[in-house]
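Structure record follows, encoded as C-alpha cells.
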Amino acid sequence: MMATTKRKAAKPACHGRQAHFATLQSGRCFVQALRATRAHAVTLGYVVMPDHIHWLLVLREHADLATTVQKAKSVATQRWRRAGRGGNERLWHVGFHERALRRQDDLAAMARYIVANPLRAGLVDFLGDYPHWDCAWPPENLIQEK
C-alpha cells in the first residue's frame, strides 16, 4: 500500500470551457491569485491555459486542497472582474480535478509535463513564448518540444 502525501495536482476549469484566460492581462489574474495561496500551499509548477489551469502544489500542514483551490479561484475572479472582464459572468466550473501524488512520483517530471501543455496544445512553438507558466525545475528540452 502506498501512502498519499500532501503533494497534489489540481486542475480547475473555466465555466463552459470558455477561454477566459486567453489574454495576457486575464491570465495574470490567476498568476497573481497564486500569491494569495502561499499560506496554504507551495507552488511547484503551474500553467494557465486559455480555459483551465494546471497546478502542482504541496499543501502546508494546516491546509486542505478544496480550501486552497477555492481561495485561488476566488482571488482570480476578483482580479478578473476588476480588470473589466465579465462583470457577473460565471468564471469557473464548479469543483476541480485533483490527483494525489505518491512519494515516489517524480515531481520534477510532472512539473515539466504540466508546463509543456501550451506546446502540446499548439499554442506556441517555444515554451518561452508562453507567458503564463512557472516551474521549480529548469524546463530542460521543453523550449522547442511539442
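Note that the coordinates shown come from a computational prediction; the quantities given were computed from them, not determined experimentally.
A distance of 9.0 Å separates CG in Asn117 from OH in Tyr130, rounded to the nearest 0.5 Å. Note that OG1 of Thr67 is 7.5 Å distant from NE2 of His40, once rounded to the nearest 0.5 Å. Atoms CD1 and CG, from Ile114 and Asp134 in turn, are 12.0 Å apart once rounded to the nearest 0.5 Å. For the atom pair His97 NE2 and His52 NE2, the distance stands at 9.5 Å (nearest 0.5 Å). How far SG of Cys29 is from CZ of Arg82: 9.0 Å, rounded to the nearest 0.5 Å.
Follow the hydrophobic side-chain contacts under 4.5 Å out from Val58 and you reach Met110 in the same cluster. Under a hydrophobic-cluster definition in which Ile, Leu, Val, Met, Phe, Trp and Tyr are linked whenever side-chain heavy atoms come within less than 4.5 Å, directly or via other members, Val75 and Phe96 are assigned to different clusters.
The two residues Ser26 and Ala22 make their nearest non-hydrogen contact at OG-N, 3.7 Å. Minimum interatomic distance between Lys73 and Val94 (heavy atoms only, all atoms of both residues): NZ-C, 4.4 Å. The heavy-atom pair separating Arg120 from Tyr113 by the smallest distance is NH2-O, 2.8 Å. When all heavy atoms are compared, the tightest approach of His132 to Thr23 is NE2-O, 3.6 Å. Heavy atoms only, all atoms of each residue included: Arg28 and Pro131 are closest at NH1-O, 3.8 Å. The minimum heavy-atom distance linking Arg60 with Ala39 is given by the pair CD-O, 3.3 Å.
Inter-residue side-chain proximity for Met49 and Leu123 is flagged as met; some heavy-atom pair is nearer than 4.5 Å. The shortest distance between side-chain heavy atoms of Leu57 and Val42 does not fall below 4.5 Å. Between His54 and Tyr46, every side-chain heavy-atom pair lies at or beyond the 4.5 Å cut-off. Taking the side chain as every heavy atom from C-beta outward, Leu119 and Phe126 never approach each other to under 4.5 Å.
When each of Val47, Val115, Leu44 is paired with Leu56, the side chain to side chain contact (heavy atoms under 4.5 Å, CB included) condition holds for Leu44 and for no other.
Side chain to side chain, Thr77 and Trp92 meet the donor-acceptor criterion of an N or O pair below 3.5 Å.
Listed by chain and number, the residues in a side-chain contact (heavy atoms from CB on, under 4.5 Å) with Thr37 are Trp55, Thr68, Lys71, Ala72 (sequence neighbours excluded).
With Trp133 contributing its side chain and Leu127 its backbone, the two residues share a donor-acceptor pair below 3.5 Å.
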